[in-house]
Engineer: 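Structure incoming, see below.
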2 protein chains.
Amino acid sequence: MNLTVAEENYIKSIYKLQDGQAVVSTNAIAYDLDTKPASVTDMAKKLKEKKLIDYEKYQGISLTPEGKRIAIQIVRRHRLWECFLVDKLSFSWDEVHEIAEELEHVRSEKLINRLSEFLGNPTTDPHGDPIPDAQGKFSKNKQLVSLDKATARRLEVAGVSDQSSSLLEFLNAKGIKLGTQIDVIERYEFDNSVEIKIRNQSAFTISEQVSKNIMVKIL
Amino acid sequence: MNLTVAEENYIKSIYKLQDGQAVVSTNAIAYDLDTKPASVTDMAKKLKEKKLIDYEKYQGISLTPEGKRIAIQIVRRHRLWECFLVDKLSFSWDEVHEIAEELEHVRSEKLINRLSEFLGNPTTDPHGDPIPDAQGKFSKNKQLVSLDKATARRLEVAGVSDQSSSLLEFLNAKGIKLGTQIDVIERYEFDNSVEIKIRNQSAFTISEQVSKNIMVKIL
DNA sequence: AATATTATTTAGATTTGTCTAAATTATATT
DNA sequence: AATATAATTTAGACAAATCTAAATAATATT
């Protein structure tokens, strides 16, 4: 199956948006890929032709098993490159996404498997997202919860669910990174903000919007 | 200047073919890029529009200073990635070209400069070709000569001028790699073949075609 | 249920990079 | 110099990926 970069981006987007949902809407994909719904319809026909998605007019889009397999390989490539950029080239986690977005389209199984080996076969990327292995299997992770729902006092940052530069920059500025231990000081009901404290720093408050996007492990 | 992958490939090809020549022909570019002369003419108009080449109908093509600057950056990216693949991911030098051909189009100065640093700012790639620095300057190399023209007895392989898989495979099979020391046993005038010997191996003969493409340093 | 709103698709156009076939220009040969 | 051959360009077409505007279908609201 030889896919264009555009086709790979659609597959990846559908995979990301599907997550649980039965189907993904034309509009959602268009928004995610910063394109127009009409373009999504066009591409849907092509991907259906290639048997990578199930698609009936007006009925939404979902990946076929083959489409999902391909999506997972793309995710694998993306996350391994992110590891490389952070671990080997000393990029910070909030600046690797765009570059990995390009590197992920270089298709060579040998390259990716060697890269994985070189990095020590990591199972999570710098954002805490799991990296599927060459067979597409995810190592089952400890259960992660978003910070706004975690009940424990002491938590460890294990990832972020929104990878927009704005959020990553904010976390960077606050000194929150993967593995950072956080103590929850107080939760404010009226706006669901959370006061937290990082070791050796004074406490500060983060909004619900932020806490919803921080994934944590309970310690 | 935002170039497409196709445009970059044309720039790179023109740079490679120009080397000394005043201009490059439409046909030569078409052959090098495995496309048709008509397509080259089409692209020439576009690149002229962008002021990356000098081009007048029927008069051949040459890079402008800006075109050359860009070409050298592409060459830098290509060769650094080749180093990475060989030095870090244990690829052999005859299998890296195609992959580097894709990686070279990922445009991020920061990425390339960090990669260079990570590799120890190498000045030659696994084929012995010089790697320009971030400013586009080549470190002046010891003068290399092709094996068919070298007069000395003892030589060291410093590169190959043709990087086709077929040649690289041949060299690999014969145990000839970068840094290999060669003794010239005999030169046969009638077909310009050369009998050579590698330490601890029995002598064998290589054709003019091969010897022309092996670049050597005199020891 | 009728109507308004939103989502989706179709139709037709555009851009990029390519092609083939025909026309033109340059170069080589007699 | 005339003619043959080779190189190059033009003209017109195509596929991929996109777009806008209009049409249609699904969903929500009154």
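Each chain gets a letter, A, B and so on, in the order its sequence line appears, and its residues count up from 1.
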Engineer: It should be established whether A:K57 places a side-chain nitrogen or oxygen under 4.0 Å from OP1 or OP2 of nucleotide C:dT10.
Structural biologist: yes
Engineer: Rounded to the nearest Å, what distance is computed from the NZ atom of residue B:K50 to the P atom of nucleotide C:dG17?
Structural biologist: 7 Å
Engineer: Can you figure out which of D:dA26, D:dT10, C:dT8 approaches the side chain of A:Q59 most closely?
Structural biologist: D:dA26
Engineer: Do the side-chain N or O atoms of B:S39 get closer than 4.0 angstrom to the phosphate oxygens (OP1, OP2) of C:dC19?
Structural biologist: yes
Engineer: Does C:dT9 have its OP1 or OP2 closer than 4.0 Å to a side-chain nitrogen or oxygen of A:K45?
Structural biologist: no
Engineer: Would you mind checking if B:E8 and B:R77 are paired as a salt bridge, meaning a charged N to carboxylate O distance below 4.0 Å?
Structural biologist: yes
Engineer: For the pair made of OH in A:Y58 and P in C:dT9, what is the distance, rounded to whole Å?
Structural biologist: 6 Å
Engineer: In whole Å, what is the span from the NZ atom of A:K36 to the C1' atom of C:dT8?
Structural biologist: 15 Å
Engineer: Hey, what do you get for CG (B:D129) to SG (B:C83), rounding to the nearest 0.5 Å?
Structural biologist: 10.0 Å
Engineer: From B:I11 CD1 over to B:R69 CZ, what is the distance, rounded to the nearest 0.5 angstrom?
Structural biologist: 11.0 Å
Engineer: With a cut-off of less than 4.0 Å, is there a side-chain N or O of A:Y55 near OP1 or OP2 of C:dT9?
Structural biologist: yes
Engineer: With side chains defined as the heavy atoms from C-beta onward, is the minimum distance between B:E195 and B:R187 less than 4.5 Å?
Structural biologist: no
Engineer: Compute both the distance and the angle, then confirm whether A:K36 meets the cation-pi test with A:Y31: under 6.0 Å from the six-membered ring centre, within 45 degrees of the axis.
Structural biologist: no
Engineer: Is it the case that A:N27 and A:S25 place a side-chain donor and acceptor less than 3.5 Å from each other?
Structural biologist: no
Engineer: By the definition salt bridge (Lys or Arg N to Asp or Glu O under 4.0 Å), identify the one residue from B:K12, B:K50, B:K48 that meets it with B:E7.
Structural biologist: B:K50
Engineer: Side chain of B:E7: nearest nucleotide among C:dT9, C:dG17, C:dT10?
Structural biologist: C:dG17
Engineer: Could you check which of D:dA16, D:dT10, D:dT20 has an atom nearest any side-chain atom of B:A38?
Structural biologist: D:dT10
Engineer: Let me know the distance between CG of A:D42 and P of C:dT15, rounded to the nearest Å.
Structural biologist: 17 Å
Engineer: Heavy atom of residues 12-31 of chain A under 4.0 Å from DNA chain C: which residues?
Structural biologist: A:S25, A:T26, A:N27
Engineer: How many Å lie between NZ on A:K46 and P on C:dT10, as a whole number?
Structural biologist: 14 Å
Engineer: Whole angstrom is fine here: how far is it from CD in B:E56 over to C1' in C:dT24?
Structural biologist: 17 Å
Engineer: Look at the side-chain N and O atoms of A:T41 and state whether any lies under 4.0 Å from the OP1 or OP2 oxygen of C:dT10.
Structural biologist: no
Engineer: Find the distance B:K48:NZ to D:dT9:P and express it as a whole number of Å.
Structural biologist: 11 Å
Engineer: Rounded to whole angstrom units, what separation is found between the CE atom of B:M43 and the C1' atom of C:dC19?
Structural biologist: 14 Å
